Structures are given as C-alpha cells and as structure tokens.
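Everything numeric in this text was worked out from a predicted model, so none of it was measured.
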Amino acid sequence: MKRKAREVISFPYVQVQSKESPCKTRTMLTTRLRADLKVYAAATKALQESVGTDFGRAHKQAERARRAYEVARDKLKRHIESHGCA
C-alpha cells in the first residue's frame with residue numbers, strides 16, 4: 001500500500017507521521033522548547049550562584065525563563081494534540 005507524503009499512520013495510543021514530510025511547525029516548536037529549556041537551566045544555575053548577592057534579580061530572570069519554557073511546552077503539546085504529528 002502506497003502512502004501519501006503527509007499521511008498520518010495511526011496505531012492504538014500512538015500517531016506517527018510519515019517520514020517523507022516532517023511537520024515544520026512541530027520542528028520549530030521543538031527547537032523553541034529546547035532553546036527555552038537551555039535558558040531556564042542557565043537561569044536556575046545563576047539563581048543558585050546568586051544566593052546572598054543579587055538573588056532578587058536572578059529570581060525574576062529564572063521565573064521569566066520558567067514561564068517562557070512552560071508556554072513553549074504548552075504550545076508544542078497543543079500542536080501535537082491538534083495536528084497529530086507526534
């Protein structure tokens with residue numbers, strides 16, 4: 001059986017997109033998620049190192065990074081759920 005390039009193959013509990021055409025939006029969102037995770041990891045490290053010095057500023061930066069990571073994670077999750085390109 002020949003499949004179309006963008007056909008989604010469904011299995012119980014799993015959806016796999018055909019390898020001929022990966023989802024560009026998913027790729028972009030995954031890249032954004034990874035970048036935000038790196039920023040968040042760096043911010044938490046800076047937060048640990050700032051105890052006793054400029055903790056307030058480091059805490060605000062870590063919180064901004066955490067929120068950005070969570071937004072990116074939620075966008076990717078919603079995209080995968082609606083588009084079926086896990």
Taking distance alone, no hydrogens or angles, what donor-acceptor pairs closer than 3.5 Å link side-chain atoms of residues 70-80 to residues at least two apart or in another chain?
| from | atom 1 | to | atom 2 | distance (Å) |
| --- | --- | --- | --- | --- |
| Glu70 | OE1 | Arg66 | NH1 | 2.9 |
| Glu70 | OE2 | Arg66 | NH1 | 3.0 |

Task: Residue pair Glu63, Lys60: steps toward the side chain to side chain contact (heavy atoms under 4.5 Å, CB included) verdict - done: CA-CA 5 Å; Glu63 280 299 300; Lys60 285 180 184 178; 5.8 Å; no
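Scanning both residues, Ala58 and Ala46, for their nearest heavy atoms gives CB-O, 4.3 Å. In this structure, Ala43 and Ala62 approach most closely via the heavy-atom pair CB-CA, 3.7 Å.
Val39 and Met28 fall into different hydrophobic clusters, where Ile, Leu, Val, Met, Phe, Trp and Tyr residues are linked whenever their side-chain heavy atoms come under 4.5 Å apart, directly or through other members.
To the nearest 0.5 Å, atoms OH (Tyr40) and CZ (Arg67) are separated by 10.5 Å.
Other cluster members for Val51: Leu47, Phe55, joined by side-chain heavy-atom distances under 4.5 Å among Ile, Leu, Val, Met, Phe, Trp and Tyr.
Residue pairs meeting the salt bridge (Lys or Arg N to Asp or Glu O under 4.0 Å) criterion with at least one partner in residues 34-43, sequence neighbours excluded, are Arg32-Asp36.
Partners of Asp54 by salt bridge (charged side-chain N to carboxylate O under 4.0 Å, His left out), not counting sequence neighbours, listed by chain and number: Arg57.
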